[in-house]
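Following: one structure in structure tokens, then a few remarks.
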Amino acid sequence: MPKHDVLVIGAGLAGQRAALAAAEQGTSVGIISKVHPVRSHSNAAQGGINAALNPEDSWESHAFDTIKGSDYLGDQDAIEIMCREAPGELLDLEHLGVTFHRNEEGRLGTRAFGGASAARTYYVADITGQAILHVLYEQLMKFSEVHRYEEWFTTALVQDEDGRIAGAITRNIRDGAIELFQAKAVILATGGNGQLYDPTTNALICTGDGIAMAYRIGAPLMDMEMIQYHPTTLAGLGLLITEGARGEGAHLYNAQGERFMEKYAPNKMELASRDVVSRAEQTEINEGRGFPDGTVALDITVVPRKRIHEALREIVNVGRDFAGVDITREPIHIKPGNHYTMGGIRTDVDGRTSIPGLYAAGECACVSVHGGNRLGANSLLDTLVFGRRSGLHAAEAVHGLPLRDPDLAQLEDEERRISGIVDRDGSGRRVSEVKAELGKTMDKYVAVFRDEDGLRTGLDAVQRLKEEATDLAIDDKGAVFNQDVLGALELQFMLDNAEAIVLSAIERKESRGAQFRTDFPERNDDDWLKHINVSANGSEPEISYSDVTMTQWEPQERTY
């Protein structure tokens with residue numbers, strides 16, 4: 001039974017930053033990942049990371065832009081912390097060796113991003129997440145206090161008799177062995193749940209594992225209805241075209257050649273917030289001004305070719321390889337696509353959940369710094385600031401504490417559950433069939449535009465799929481790299497996430513941020529300026545509310 005003071009589950013940016021922060025306190029840390037850490041989805045972050053580092057900028061301006069972008073659903077105390085700490089976090093990365101872009105004067109250079117009142121996005125071409133991820137992994141390998149468990153799949157969290165977290169149950173993907181990891185504190189950094197949707201920009205590993213595991217032991221989920229659709233993805237594939245393209249000056253056009261953002265955001269145009277741009281695009285498509293393939297055009301040819309190859313080289317390859325388009329010479333067709341979840345496990349500013357000893361950071365957590373809509377390039381910042389804070393707090397909290405005795409009955413139950421999945425015959429539906437139906441259901445009914453009838457239809461489908469997922473057909477009975485069994489476990493996590501999302505979207509009877517209800521098209525601060533929480537209450541989810549924390553910015557009309 002491996003034993004650590006702090007166990008981090010997930011090895012993307014939030015997990016690695018948390019592990020480093022805890023290890024720097026001399027704490028024994030275990031970090032578990034179901035893939036090799038540098039294969040984590042943080043790799044996919046292209047555009048950059050926000051920080052008010054320029055003397056002409058300020059953390060207050062960054063905070064206000066974030067609060068406005070959140071449609072005033074973000075907690076302002078958490079947003080203040082994130083924006084205050086951003087410059088220091090960025091400089092730490094630079095000193096560790098992240099090769100951020102520098103301008104002609106040799107200083108750190110920025111690009112503009114949507115919803116920002118200043119150009120405060122620092123970047124490494126369009127591979128910023130990958131660059132940071134590799135540097136942090138190098139740092140992890142320096143610490144003898146950090147023990148890496150790569151290609152281990154976490155299936156459940158374990159508590160002691162008093163309800164305090166005591167560790168986690170995992171499956172070694174390489175040989176199928178079930179192992180109980182004992183820990184004084186657990187930090188969930190398992191990322192988002194984009195695989196609920198089809199298509200999505202998210203990696204195959206983004207199945208909402210940590211969100212579901214925390215939910216199952218009683219931790220409330222918050223703002224789950226707030227699912228971000230990125231404005232620029234390749235139709236049918238979900239591949240991301242970075243917001244950095246618009247930051248460099250790219251334009252959006254409909255099939256009639258109109259630069260349509262003039263109608264929707266005359267001041268910010270293509271650099272309005274993501275929810276605004278996505279709704280504008282979808283409106284053009286729905287009203288018949290899109291192209292026959294259900295898209296609009298992103299014209300990057302207005303950016304100098306030298307600059308495209310310098311700052312947007314990854315999407316040059318994406319356009320060529322997956323769309324047959326040379327983006328330096330012709331527009332590329334795009335549409336809104338699933339990208340990010342603003343909601344997640346409810347935490348405080350130190351990552352603590354309602355379960356003693358359980359923390360969460362990154363996309364699986366809801367602090368809430370993104371509220372109803374995340375600004376581009378705030379996600380990397382969120383992972384690093386709150387990953388570090390979670391690691392520090394967990395290390396300090398467990399100092400001098402004994403290991404808690406886990407309830408071994410939980411391990412026995414989990415072994416029986418997984419054995420039951422492996423032993424199934426082939427009579428049920430395939431994992432891939434149920435997952436595909438879930439993805440199409442969520443994309444149809446819980447996307448850019450929503451209404452009561454569609455959401456109710458989506459909820460019925462999700463709950464039916466939850467029933468079907470209890471008897472999935474499993475063909476692979478082996479132990480070595482059994483992706484069939486892992487897929488079944490992931491699908492059950494995904495369905496828990498999906499149910500929480502749809503229930504929350506039905507509950508919020510207004511339009512705010514990423515939640516646009518065509519039957520309730522206006523924002524309603526009097527009744528709905530509050531967080532929606534979903535908790536597992538026996539067999540039925542339970543809805544509750546919590547206040548949005550206000551400090552110095554009162555809600556106002558949100559225009560760009």
Side-chain angles (χ1 to χ4, degrees), residues 50-52 56-87 112-120 220 222-228 264-269 271-280 340 342-344 346-350 365-379 381-382 385-386 504-505 507-517 520-533 544-560:
N50 287 333
E56 298 175 359
D57 198 2
S58 69
W59 74 262
E60 292 93 342
S61 175
H62 184 187
F64 174 71
D65 289 344
T66 301
I67 292 161
K68 179 182 176 181
S70 79
D71 220 348
Y72 296 92
L73 191 65
D75 286 327
Q76 296 182 16
D77 58 340
I79 291 170
E80 287 190 17
I81 287 170
M82 182 178 76
C83 297
R84 282 178 184 269
E85 296 184 3
F113 249 51
S117 56
R120 62 170 70 95
M222 188 165 81
D223 297 344
M224 288 294 285
E225 71 276 17
M226 297 303 180
I227 299 293
Q228 182 168 89
Y264 302 95
N267 296 319
K268 298 295 287 186
M269 298 289 282
L271 288 178
S273 65
R274 288 177 175 177
D275 60 324
V276 171
V277 180
S278 289
R279 279 194 295 275
Y340 189 87
M342 276 73 72
R346 182 180 173 184
T347 74
D348 67 9
V349 296
D350 291 313
C366 185
V367 183
S368 151
V369 287
H370 306 306
N373 171 72
R374 175 177 67 78
L375 293 188
N378 267 355
S379 58
L381 182 59
D382 170 19
V385 168
F386 294 102
S504 299
E507 185 72 13
R508 184 173 291 281
K509 294 174 173 58
E510 66 156 355
S511 291
R512 182 186 301 270
Q515 159 99 344
F516 195 95
R517 291 279 300 261
F520 296 97
E522 302 298 325
R523 194 179 85 186
N524 180 353
D525 288 344
D526 291 339
D527 296 328
W528 291 105
L529 184 58
K530 56 189 176 184
H531 299 295
I532 294 174
N533 304 299
S544 62
Y545 308 107
S546 54
D547 293 334
V548 176
T549 302
M550 299 285 180
T551 57
Q552 53 183 304
W553 291 281
E554 292 297 320
Q556 54 187 265
E557 183 181 2
R558 181 170 172 253
T559 58
Y560 288 100

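Nearest heavy-atom pair across Ser70 and Gly74 is OG-N, 3.0 Å. For Met222 against Ser546, the heavy-atom pair with the smallest separation is SD-OG, 3.8 Å. In terms of heavy atoms, Val277 sits closest to Ala272 at CG2-O, 3.7 Å. Nearest heavy atom pair, residue Val367 against residue Ala78, reads CG1-CB, 3.4 Å. Considering every non-hydrogen atom in both Thr66 and Cys83, the closest pair reads OG1-SG, 4.1 Å. Shortest non-hydrogen contact noted between Ser61 and Ser117 is OG-OG, 3.0 Å.
Using the six-membered ring where Trp is involved, Trp553 and Phe64 have ring planes that are tilted, between 30° and 60° apart.
Between the Lys68 side chain and the Ala116 main chain, no donor and acceptor come within less than 3.5 Å of each other. In this structure, Asn50 contributes its side chain and Gly376 its backbone to a donor-acceptor pair below 3.5 Å. Judged by distance alone, the side chain of Ser511 and the main-chain N or O of Phe520 form a donor-acceptor pair under 3.5 Å. Distance alone, capped at 3.5 Å, is enough to place a donor-acceptor pair between the Gln515 side chain and the Ala505 backbone.
Asn533 contributes atom CG, which lies 11.5 Å from atom CE of Met224 (distance to the nearest 0.5 angstrom). Taking CD of Gln228 as the start and OG of Ser379 as the end, the distance is 8.5 Å to the nearest 0.5 Å. Distance check: His62 NE2 to Arg84 CZ gives 13.5 Å after rounding to the nearest 0.5 Å. With rounding to the nearest 0.5 Å, the separation of OG1 in Thr549 from CG in Asp348 is 11.0 Å.
Under the 4.5 Å side-chain criterion, counting only non-hydrogen atoms from C-beta, Met82 is in contact with Asn378. Within the 4.5 Å cutoff, no side-chain heavy atoms of Asp75 are placed close to those of Val369. Residues Pro555 and Met550 form a side-chain contact, since some pair of their non-hydrogen atoms from C-beta on lies under 4.5 Å apart. When side chains are defined from C-beta on, Lys268 does not count as touching Val276, because their heavy atoms never get closer than 4.5 Å. Side-chain contact between Phe386 and Glu85 is absent, with no heavy-atom pair separated by less than 4.5 Å. For the pair Phe113 and Leu271, the minimum side-chain heavy-atom distance is 4.5 Å or more.
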### Message
Checking Asp223 against His370 for the side chain to side chain donor-acceptor pair (under 3.5 Å) test, could you report, in this order, the C-alpha distance in whole Å, the side-chain angles of both residues, the deciding distance, and whether it holds?
### Response
CA-CA 10 Å; Asp223 297 344; His370 306 306; over 6 Å; no
### Task
May I have the step-by-step check of side-chain contact (heavy atoms from CB on, under 4.5 Å) for Asp65 and Ile67, ending in yes or no?
CA-CA 6 Å; Asp65 289 344; Ile67 292 161; over 6 Å; no
### Message
Please evaluate residues Met226 and Cys366 with respect to the criterion side-chain contact (heavy atoms from CB on, under 4.5 Å), reporting the C-alpha separation (whole Å), side-chain torsions for both, the decisive distance (0.1 Å), and the verdict.
### Response
CA-CA 11 Å; Met226 297 303 180; Cys366 185; over 6 Å; no
#### Entry: Full working for side-chain contact (heavy atoms from CB on, under 4.5 Å) between Tyr545 and Ile532
CA-CA 5 Å; Tyr545 308 107; Ile532 294 174; 4.2 Å; yes
### Task
Decide side-chain contact (heavy atoms from CB on, under 4.5 Å) for Arg523 and Asp525; before the verdict, give the C-alpha distance in whole Å, the side-chain angles of both, and the deciding distance to 0.1 Å.
CA-CA 6 Å; Arg523 194 179 85 186; Asp525 288 344; 3.0 Å; yes
### Query
Could you walk me through whether Gln552 and Glu80 pass the side chain to side chain donor-acceptor pair (under 3.5 Å) check?
CA-CA 10 Å; Gln552 53 183 304; Glu80 287 190 17; 3.2 Å; yes
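Heavy atoms of other residues, nucleotides or ligands lying less than 6.0 angstrom from CD of Glu522 number 12 at most. Other residues, nucleotides and ligands contribute at most 12 non-hydrogen atoms within 6.0 Å of the CD atom of Glu56. In the displayed structure, Asp527 atom CG is contacted under 6.0 Å by more than 12 heavy atoms of other residues, nucleotides or ligands.
Applying the salt bridge (charged side-chain N to carboxylate O under 4.0 Å, His left out) test between Asp71 and each of Arg508, Arg374, Arg558 identifies Arg558 as the sole match. Just one of Asn524, Leu529, Asp275 meets the side-chain contact (heavy atoms from CB on, under 4.5 Å) condition when paired with Arg512; it is Leu529.
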